[in-house]
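Atoms within a ligand are numbered from 1 in the order they appear, just like the ligands themselves. Values reported hereafter were calculated over all heavy atoms of this structure, with side chains retained and with hydrogens, waters and symmetry mates removed.
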Amino acid sequence: MNVPFLDLARQVADLRPELERAVSEVLDGARFVGGEPLERFERAFADYCGAGHAVGVASGTDALEIALRAVGVEQGDEVVTAANTCIPTIAAIEGAGARPVLVDPDPTTYILNPGLLEEALTERTAAVVPVHLYGQCADMEEIVATARRHGLKVVEDAAQAHGAEYRGRRAGTLADAAAFSFYPTKNLGAMGDAGAVVTDDPDVAETARRLREYGERTRYESILHGRNSRLDTVQAAVLSAKLPHLDRWNSRRREVAALYAEALADIAVTLPVERPGSLHVYHLFVLRVGARETLRERLSQRGVDTLIHYPRAVHEHPAYASLARERGFPAAERLAREVVSLPCYPELSDDEALAVASAVRDSVLHQDGALT
Ligand SMILES: *Cc1c(COP(=O)(O)O)cnc(C)c1O
């Protein structure tokens with residue numbers, strides 16, 4: 001059996017009439033930027049998160065950059081984030097004019113380690129960006145408490161966490177603002193690039209709206225140095241058509257994850273840890289294993305596609321070597337060597353998930369020759 005890492009064609013096949021209707025309505029309206037479909041999606045997504053406002057923008061990277069600027073991050077500030085995040089988080093911080101400062105992740109949950117936050121702060125620190133990596137929220141209570149003690153803003157990178165919960169609240173409502181991506185492979189994906197800033201603060205929302213459109217307060221009156229980062233009307237219409245399916249999709253991701261967790265519980269791999277009080281939405285199902293390349297090769301021979309998220313810690317990229325420090329970021333560096341992501345998406349069948357699990361079992365047992 002061949003199991004692709006992700007197969008968006010299945011989602012298109014399931015939703016084709018709804019998607020065609022959404023696109024067709026935008027063609028009928030012949031308004032391609034802004035308009036009612038954009039406002040409708042912004043309202044629906046804010047309501048979904050349980051937040052006051054959502055501001056559609058052109059990508060998740062833009063959402064984070066604009067959110068950081070909207071909460072007050074300025075040129076020359078420092079912004080602290082996790083050393084194992086993907087590069088868009090870093091690009092957004094730099095896009096806002098700030099310098100990224102890295103913190104080692106928690107080695108068991110892979111998210112920003114709140115215990116290490118304080119030592120990364122300087123007088124120039126303006127904000128913290130916890131990344132809800134793989135679909136699980138960072139430990140926001142402790143992060144926000146530390147940030148408040150130091151007068152810092154907190155912006156969630158929620159690009160992998162649509163619908164994820166932390167102590168009963170959804171990602172997007174856990175800090176001063178949040179950035180979502182609707183890149184096609186995310187838990188809620190557009191038919192191209194798209195993103196949103198989500199916040200409860202009307203001033204932050206208003207500033208984000210201005211920043212996404214040339215800093216304009218009213219047409220042709222710019223009061224901020226803004227840019228063009230709009231969410232296209234057709235993408236907003238597509239996202240509105242998909243949003244009602246998101247909870248069902250997230251539940252199915254959790255079913256696939258539970259099936260993997262049960263089938264792999266007794267072999268020598270480290271499974272994802274779901275913290276109490278946290279609802280993980282498994283954007284990615286990530287294992288840790290020592291002999292990763294051998295495992296990937298065996299799985300590939302058995303038709304199971306895997307990917308690595310991510311093969312380098314931030315400071316291990318040539319472009320970001322200047323963010324390294326003498327003692328390194330040992331947890332992030334180790335994760336980069338050991339993580340491997342299994343296929344995990346709503347359209348994956350039970351048979352496919354069982355085939356993936358048994359391929360992992362066989363490969364690991366063959367490799368290590370013993371149960372744990
Ligand atoms: C996808 C992603 C982004 C960037 O989103 P784009 O829409 O691709 O710009 C930022 N942070 C994280 C954690 C992501 O997974």
Exercise. Considering residues, nucleotides and ligands other than R16, do more than 12 of their heavy atoms fall under 6.0 Å from its CZ?
Worked result: no

Atoms of ligand 1 less than 4.0 Å from [X] heavy atoms?
| X | result |
| --- | --- |
| T89 | 11 (N) |
| A159 | 2 (C), 3 (C), 10 (C), 11 (N), 12 (C), 14 (C), 15 (O) |
| G60 | 5 (O), 6 (P), 7 (O), 9 (O) |

For this session: Tell me which part of V131 gets within contact of ligand 1: side chain, backbone, both or neither, using heavy atoms under 4.0 Å.
Result: side chain

Exercise. Counting heavy atoms only, which part of K186 comes closer than 4.0 Å to ligand 1: side chain, backbone, both or neither?
Worked result: side chain

For this session: Starting from the C-alpha separation in whole Å, work towards a yes-or-no answer on side chain to side chain donor-acceptor pair (under 3.5 Å) for H132 and E156.
Result: CA-CA 7 Å; H132 303 326; E156 303 167 65; 2.8 Å; yes

For this session: Any ring-ring contact (aromatic ring centres under 6.0 Å, His included) involving residues 329-364? Give me the pairs, sequence neighbours left out, ordered by first then second residue.
Result: H315-F329

For this session: Could you list who else is in I223's hydrophobic cluster, with ILVMFWY side chains joined at under 4.5 Å, directly or through other members?
Result: V55, V57, I66, V197, L211, L224

Exercise. Considering only the protein, which heavy-atom contact is closest to atom 11 (N) of ligand 1, and what is its distance?
Worked result: D157 OD2, 2.8 Å

For this session: Write out the residue and atom name of the closest protein heavy atom to atom 9 (O) of ligand 1, then the distance separating them to 0.1 Å.
Result: T61 OG1, 2.5 Å

Exercise. What about the rings of F182 and H162, do their centers lie closer together than 6.0 Å?
Worked result: yes

Exercise. Applying a strict 4.0 Å limit to heavy atoms, is C86 in contact with ligand 1?
Worked result: yes

For this session: Could you say whether the N/O atoms of D62 and ligand 1 ever approach to under 3.5 Å?
Result: no

For this session: For the residue pair F180 and F45, categorise the inter-ring angle as parallel (less than 30°), tilted (30 to 60°) or perpendicular (more than 60°).
Result: perpendicular

Problem set entry | Lys/Arg cation over aromatic Y282: R254, 6.0 Å, 45° cone | no

